[in-house]
2 protein chains.
Amino acid sequence: MLIGELAAQTGTTTRALRYYEEQGLLESDRTPSGYRVYSPHAVTRVRNVRDLLASGFTIDNVKSFVRYLDTDLPEVFEYSPSCADGYGVGARRVAELGEKIASLTRMRDILVHRMPWLASPNDAAQKEAA
Amino acid sequence: MLIGELAAQTGTTTRALRYYEEQGLLESDRTPSGYRVYSPHAVTRVRNVRDLLASGFTIDNVKSFVRYLDTDLPEVFEYSPSCADGYGVGARRVAELGEKIASLTRMRDILVHRMPWLASPNDAAQKEAA
DNA sequence: CTAAGCATTGACCCATGCGTGAAGGTCAAC
DNA sequence: GTTGACCTTCACGCATGGGTCAATGCTTAG
């Protein structure tokens, strides 16, 4: 299949697919005239990439999972030592997200401290969510 | 005073001061040879800009406060209708920060949901912090 | 033949607050 | 006169995931 069809089947754009290929996450054959040709497996692969991106991983993170992208990913990953490297990536990413969250939360708290009259609704929602 | 001394007195860099000027947050006279010359008021101004940035405002936000930057800012802003526009900026910024925090938190929760074995320490700290 | 609708590579754009050179002019002191 | 410490204006770089042209080629139906 050509790139437009793959884009349609995976709900993304041709630009994104070329980007994934540029990042080493996707392969393609070429017609004599240079068009990218994909096997049906590419659909799974692209869905997995987008799944992981939507789960909060970065493109660089996803590169670490490249070995697992050709089969459907489970909803929840069991712990198995054969995937320890992937788990390290997950742990680091969670730590990064935690730091960013903490940093933004500090900023928001400083702001609310200096402007107390804009405090309550967000604060209540925040405490409830945690 | 010249830019280097202003940088030293405000604990920042010459690069940052030129950037603030480029953004319309700081003014300077020039010597015949083109050096920037600042009045002592500039020290207060720069400190206020950095104070607001450290409080979680963006450069664009600070531009809205440009009228108030020549006198010392209070630690906590009282509510007064004469500054309603500034308060709107504060409210919007707090909302933006809240959205970013919520978005990152959603991502982290999805990740932890898919990789449950990396859950606890961050989670506990998070709930405690809120 | 030609137009429509696909494809190609290349390259700039977004936001954020500066850091970090490069290449050069100015000023005070020795 | 020359060294060294200051100053000047560019202008690229960062991290993120593509968006959005531009200029051009391929393919197929009318």
Side-chain angles (χ1 to χ4, degrees), chain A residues 1-38 42 46-65 89 92-93 96-97 99-100 103-104 107-108 111, chain B residues 1-26 28-38 42 46-65 89 92-93 96-97 99-100 103-104 107-108:
Chain A
M1 93 188 79
L2 296 185
I3 195 170
E5 195 187 339
L6 180 58
Q9 285 199 25
T10 55
T12 182
T13 64
T14 59
R15 176 66 178 94
L17 296 178
R18 293 194 189 96
Y19 176 65
Y20 297 155
E21 182 170 326
E22 184 187 320
Q23 298 300 313
L25 295 174
L26 189 57
E27 291 158 14
S28 62
D29 292 331
R30 300 296 182 114
T31 68
S33 56
Y35 285 20
R36 287 174 175 80
V37 178
Y38 298 94
V46 171
R47 287 201 174 130
N48 284 336
V49 169
R50 296 187 70 76
D51 184 19
L52 290 171
L53 287 176
S55 289
F57 287 108
T58 67
I59 285 281
D60 272 353
N61 292 151
V62 177
K63 292 177 189 175
S64 312
F65 295 113
V89 173
R92 276 193 295 278
R93 184 59 181 159
E96 283 173 21
L97 288 172
E99 282 167 25
K100 288 190 182 183
S103 166
L104 292 175
M107 279 196 164
R108 199 207 45 184
L111 226 60
Chain B
M1 101 188 71
L2 297 184
I3 196 172
E5 195 187 337
L6 180 58
Q9 285 198 27
T10 56
T12 182
T13 64
T14 58
R15 176 67 179 92
L17 295 177
R18 292 194 189 97
Y19 176 65
Y20 297 156
E21 181 171 327
E22 185 187 318
Q23 297 301 312
L25 295 173
L26 189 56
S28 62
D29 292 331
R30 300 295 182 114
T31 68
S33 56
Y35 287 18
R36 286 173 175 82
V37 178
Y38 298 95
V46 171
R47 287 202 174 127
N48 284 336
V49 169
R50 297 188 68 76
D51 184 18
L52 290 171
L53 287 177
S55 290
F57 288 108
T58 67
I59 284 281
D60 271 354
N61 291 152
V62 176
K63 291 178 189 173
S64 311
F65 295 114
V89 174
R92 275 192 297 277
R93 184 58 183 160
E96 284 172 21
L97 287 173
E99 282 167 25
K100 288 189 183 184
S103 167
L104 291 176
M107 280 196 164
R108 199 205 46 181

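Just so it is clear, the structure is predicted and the values come from calculations on it, not from any experiment. By convention in this document, chain letters (A, B, ...) are assigned in the order of the sequence lines, proteins followed by strands, and residues within each chain are numbered from 1.
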Protein-nucleotide distance ([X], atom [atom1]; [N], atom [atom2]), rounded to Å:
X: B:L2; N: C:dC27; atom1: CG; atom2: P; answer: 10 Å
X: A:R18; N: C:dG10; atom1: CZ; atom2: P; answer: 12 Å
X: B:L6; N: D:dC7; atom1: CG; atom2: C1'; answer: 14 Å
X: A:Y19; N: C:dG10; atom1: OH; atom2: C1'; answer: 16 Å
X: B:K63; N: C:dG17; atom1: NZ; atom2: C1'; answer: 12 Å
X: A:F57; N: D:dT16; atom1: CZ; atom2: P; answer: 14 Å
X: A:Y38; N: C:dT8; atom1: OH; atom2: C1'; answer: 12 Å
X: A:E22; N: D:dG18; atom1: CD; atom2: P; answer: 12 Å

(request) Assign each of A:T14 and B:T12 to its nearest nucleotide of DNA chain C by heavy atoms, then name whichever residue's nucleotide is nearer the 5' end. (result)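 Between the two, 5'-proximity favours A:T14.
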(message) Closest-nucleotide mapping onto DNA chain C: is A:I3 or B:R15 further toward the 5' terminus? I mean the 5' end.
(response)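 First, find each residue's nearest nucleotide; the 5'-ward one identifies A:I3.
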(message) For a quick check under 3.5 Å, do A:N61 and A:S64 share a side-chain donor-acceptor pair by atom type?
(response)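 No pair is found: no donor N or O on one side chain lies under 3.5 Å from an acceptor on the other.
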(message) Would you say A:T12 and A:T10 are linked by a side-chain donor-acceptor pair, where the criterion is simply a distance under 3.5 Å?
(response) no
Check whether any side-chain N or O of [X] sits under 4.0 Å from OP1 or OP2 of [N], and answer yes or no.
X: A:Y35; N: D:dT27; result: no
X: B:R36; N: D:dT8; result: yes
X: A:T13; N: D:dG19; result: yes
X: B:R30; N: D:dT9; result: yes
X: B:R50; N: C:dC18; result: yes

(request) Answer with base, sugar-phosphate or nothing: what part of the nucleic acid does A:T31 contact at a heavy-atom distance below 4.0 Å? (result)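 Nothing: the residue A:T31, judged by heavy atoms under 4.0 Å, touches no strand.
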(message) I want to check something: taking the side chain as every heavy atom from C-beta on, are A:K100 and B:K100 in contact at a cut-off of under 4.5 Å?
(response) no
(message) Rounded to the nearest 0.5 Å, what separates atom CG in B:L52 from atom NZ in B:K63?
(response)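 Output value for this atom pair is 14.0 Å.
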(message) Within this structure, what is the CG-CG distance for the pair A:L26 and A:L6, rounded to the nearest 0.5 Å?
(response) 6.5 Å
(message) Counting only side-chain heavy atoms from C-beta out, which of C:dG17, D:dT8, D:dG17 sits nearest to B:L53?
(response) C:dG17
(request) Using the closest heavy atom to pick a nucleotide of DNA chain D for each, name whichever of A:S33 or A:A16 lands nearer the 5' end. (result)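 Nearest nucleotide further toward 5': that of A:A16.
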